[in-house]
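Each chain gets a letter, A, B and so on, in the order its sequence line appears, and its residues count up from 1. These numbers were taken from a predicted model, which means no experiment stands behind them. Scope of the values below: all heavy atoms of this structure, side chains included, with no hydrogens, waters or symmetry mates.
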Amino acid sequence: MSTFTRRPAARWLVPAVVAVLLAAGGSAVGVLAASARGGLPHRSPSQLLVDVQKARLDGLSGTIVQNASLGLPSLPGVGGAGSSDMTSLVSGSHTLRLWYAGPNKVRLALLGSLGESDIVRNGTDLWTWSSKDKSATHRQVPLMKADAPGRLPATAPVTPQEAADAALAAISPTTKVSTDGTASVAGRTAYELVLQPRATGSLVESVRIAIDGRTHVPTRVQVFARGTQDPAFEVGFTSFDPSTPAASAFAFNPPPRTKVTEGSGPASHEALPGSGRRGSDKHRSDKPGSASADQRLQVVGTGWTSVVVAKVPTGDSQAAGTGSGQLARMLKVLPRVSGTWGTGHLLKGTLFSALLTDDGRLVVGAVAPEALYAALGR
Amino acid sequence: MSAAEAVAVRRPRRLPTRFLRSELALIFGRRRNQAGLLVLAAVPVLISIAVKVSSPGRGGDGPDFFGSITENGLFVALASLTLELGLFLPLAVAAIAGDSVAGEANLGTLRYLLTVPVPRARLLAVKYLAIVIFSVVATLTVTVTGIVMGLALFGGGDMTLLSGTQIGFGQALLRVLGATLYLSACLASLGAVGLFVSTLTEQPIGAMIAVVIFSTASFIADTIPQISWLHPFLITHHWLAFGDLFRDPVAWNGVQQGIYVAAAYVLVFGLAGWARFAGKDVTS
């Protein structure tokens with residue numbers, strides 16, 4: 001105390017030091033713990049891929065955080081960070097909780113602030129629930145083969161080692177593959193499989209896939225854009241518990257006064273709430289004579305710098321309909337660009353660029369806009 | 001050792017509560033503070049009556065938790081807490097905390113208070129304890145009024161959680177009380193900021209406005225995605241995590257972080273208040 005009496009100003013050091021310690025405290029503990037344990041023993045990319053294929057997990061539960069900064073303009077009708085609507089996942093930061101006990105017992109909950117959307121699969125029942133409008137959908141789905149829970153489908157004749165080698169051989173001309181044993185995901189040490197495009201024209205700097213050191217389950221995927229420190233897209237566990245969750249986690253009974261919609265037939269991609277609502281789906285299905293996708297798609301370039309040129313059905317973008325109205329509104333947000341190839345609207349994201357020309361061509365690629373123009377010129 | 005000796009040994013160790021009792025009598029005896037608590041209690045009354053008289057078909061409308069009020073009266077308390085968390089509750093705590101030291105200085109009673117032969121740190125600690133008690137009372141006022149009004153108008157029964165599962169009434173009541181205590185802790189951390197600001201000035205109104213600006217600015221900064229790196233450090237960032245108590249199973253992560261942040265603010269601003277107040281020349 002005498003120091004403080006002689007120098008009253010020294011008192012201010014106490015709250016300042018405590019503030020710094022507390023602010024650093026949360027993150028520093030994790031970093032120190034990970035570095036103290038040191039890296040995992042080295043494993044080659046093909047060994048890691050074999051590990052992943054052999055990984056058997058009877059159940060897990062955990063919290064997943066997803067961050068996307070794709071540089072997309074704010075889309076009309078798409079919720080932001082606090083939303084518990086499944087369509088909001090394309091932008092911002094989101095927290096999900098996952099319970100898994102084999103392919104027939106899965107529950108995924110998207111946590112909004114004071115809201116929640118759930119997808120629950122329990123045997124042959126598939127439920128979706130939204131707390132915002134108190135609605136649930138239910139449909140019957142066929143049982144999946146339950147004998148190999150958590151096992152990745154391996155091609156029949158080859159061993160996991162051969163499959164891994166084949167996969168690596170296929171991508172190595174375009175991609176530099178390396179491993180790193182020092183990652184920490186959800187407080188657990190993890191290997192990282194690092195994929196780096198060899199082509200310099202790609203907007204993607206690297207893709208890092210973290211694989212849990214003990215269970216060999218992929219626990220995090222990060223995609224880095226060229227020249228950025230933070231990942232442009234990241235989805236990974238922040239807590240990870242490799243033990244089978246209780247059966248009660250998968251029990252869903254719609255609470256009273258809930259609007260329950262009974263679905264029919266096997267579940268398709270429509271299982272996700274919101275995805276069935278898109279106007280374009282309906283639009284496509286009631287056009288029986290439309291050309292097949294192969295005729296309209298054309299890929300220019302190879303590997304990471306390949307650009308897809310698609311022919312959008314002419315007149316479709318101007319046609320009436322709910323989906324087109326939203327498209328037109330979206331286009332208004334995007335800047336107009338022009339060149340020798342014509343004029344159009346450009347969407348310039350951090351990981352990809354897309355261009356919709358006025359004559360109905362859609363060009364998409366993980367490249368800078370200039371490469372899109374070049375692809376159109378060809 | 002005889003019983004009489006034990007009493008004689010124990011007595012001087014007992015913490016005297018006279019100063020705390022006089023603080024509480026000051027806080028809860030003032031007409032303006034009583035009026036403030038009445039305003040806090042008016043919101044759940046207003047909400048429950050408004051939902052009751054509105055047409056029953058429009059159940060799903062309104063802010064968070066409003067759609068569930070007609071099913072279970074306990075949601076009146078939650079809806080009121082959510083609404084008042086933005087301004088009313090921080091304002092109430094700011095009024096008390098901003099007044100705690102600056103109010104005495106303004107009235108000229110601070111120097112008489114300091115003639116009591118106790119360390120200034122302890123004086124500050126007792127002042128803060130009174131603020132914490134007020135935070136709990138203010139939040140409980142909202143919750144209890146909400147529960148009473150809700151149960152009277154809409155009845156109780158099982159509660160549907162955000163996850164779509166149902167829990168019994170007793171457990172639901174327990175979770176509502178848990179959410180109330182969590183929010184009390186959050187508001188008490190704002191009270192620590194208020195206590196510090198209160199030692200800086202002799203104008204209680206100025207201190208109060210500064211605290212309200214602090215909490216409102218924190219709410220605003222929390223909505224700006226470009227500074228998302230700052231969000232975990234904001235005092236208000238985890239306040240809405242009380243909703244995580246109404247999931248199945250409970251998602252403790254947000255609440256834990258909220259309590260960590262609240263404790264950090266209490267510690268830092270409590271020490272800053274001590275650094276300022278212990279060496280301050282009190283002239284008024």
Side-chain angles (χ1 to χ4, degrees), chain A residues 4-5 7-19 21-23 25-27 61 63 67 69 80-82 84 91-93 95 97 99 107 109 111-116 118 120 127 129-136 230 238-239 245-246 248-249 251-259, chain B residues 59-61 63-65 67-68 70-71 78-79 82 119 121 157-166 196 222-223 225-226 228-229 231-233 239-244 246-249 251-254 257 260-261 263-265 267-281:
Chain A
F4 292 136
T5 323
R7 292 164 175 264
R11 285 195 177 97
W12 289 99
L13 283 174
V14 181
V17 168
V18 169
L21 285 179
L22 287 173
S27 49
S61 59
T63 308
N67 285 301
S69 50
S84 62
S91 67
S93 172
T95 306
R97 295 168 93 191
W99 294 264
R107 179 172 153 206
L111 311 188
S113 77
L114 308 184
E116 184 169 322
D118 281 62
V120 187
W127 290 94
W129 155 261
S130 162
S131 74
K132 274 285 179 251
D133 46 2
K134 291 203 168 308
S135 64
D230 298 317
T238 54
S239 78
S248 60
F252 184 83
N253 293 307
R257 274 175 272 190
T258 301
K259 285 172 277 173
Chain B
D61 294 3
D64 299 303
F65 293 127
S68 311
T70 50
E71 287 166 28
L78 295 180
T82 316
D158 289 352
M159 176 190 251
T160 303
L161 297 176
L162 294 173
S163 308
T165 35
Q166 285 204 306
F196 166 64
D222 206 16
T223 62
Q226 278 78 7
S228 57
W229 56 269
H231 290 172
F233 300 100
W239 285 11
L240 284 184
F242 81 89
D244 291 350
F246 298 93
R247 303 187 196 280
D248 181 49
W252 290 108
N253 200 17
Q257 287 173 4
Y260 179 83
V261 169
Y265 268 88
L267 205 55
V268 170
F269 280 91
L271 284 171
W274 161 79
R276 162 74 181 165
F277 189 63
K280 185 187 183 187
D281 288 335

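- In this structure, A:Thr238 OG1 and B:Asn253 CG are separated by 6.0 Å, a value rounded to the nearest 0.5 Å.
- Heavy atoms of B:Pro232 lying under 4.5 Å from chain A are absent altogether.
- Taking the side chain as every heavy atom from C-beta outward, A:Lys134 and B:Ser68 approach each other to under 4.5 Å.
- In this structure, B:Thr160 and A:Trp129 approach most closely via the heavy-atom pair CG2-CH2, 4.4 Å.
- Nearest heavy atoms, A:Leu114 versus B:Leu240: CD2-O, 3.7 Å.
- Within the 4.5 angstrom heavy-atom criterion, only side-chain atoms of B:Thr82, from C-beta onward, approach chain A.
- Interface remark: B:Ala278 contributes backbone and side-chain atoms alike to the contact with chain A (heavy atom separation under 4.5 Å).
- Of the atoms belonging to B:Ala251, heavy atoms from both backbone and side chain fall under 4.5 Å from chain A.
- In this structure, the portion of A:Asn253 lying under 4.5 Å from any heavy atom of chain B is its backbone and not its side chain.
- In this structure, chain A has a heavy atom under 4.5 Å from the backbone of B:Leu161, while its side chain stays farther away.
- Between the side chain of B:Arg247 and the backbone N or O of A:Gly115, at least one donor-acceptor pair lies under 3.5 Å.
- Note: B:Ala275 leads B:Gly243, B:Ala275, B:Ala272 in heavy-atom pairs under 4.5 Å with chain A.
- Only the side chain of A:Trp99 has a heavy atom closer than 4.5 Å to any heavy atom of chain B.
- For B:Ser163, the parts lying near chain A are the backbone and the side chain together; criterion is any non-hydrogen pair under 4.5 Å.
- For the pair A:Leu22/B:Tyr260, a side-chain contact is recorded, criterion being any heavy-atom separation below 4.5 Å from C-beta on.
- Residues passing the ring-ring contact (aromatic ring centres under 6.0 Å, His included) test with B:Phe242, sequence neighbours excluded: none.
- A:Trp12 CH2: more than 12 foreign heavy atoms inside a 6.0 Å radius.
- Atoms CG and CD, on B:Asp248 and A:Glu116 in that order, are 9.0 Å from each other to the nearest 0.5 Å.
- Considering only residues two or more places apart in sequence or on other chains, B:Arg276 meets the side-chain hydrogen bond (donor to acceptor under 3.5 Å, both in side chains) condition with none of them.
- With a threshold of 4.5 angstrom between heavy atoms, B:Gln166 approaches chain A through side-chain atoms but not through N, CA, C or O.
- With respect to chain A, the highest number of heavy-atom pairs below 4.5 Å among B:Val268, B:Thr223, B:Leu78 belongs to B:Val268.
- Residues A:Arg97 and B:Pro249 approach most closely at NH1-O, 2.7 Å, considering heavy atoms.
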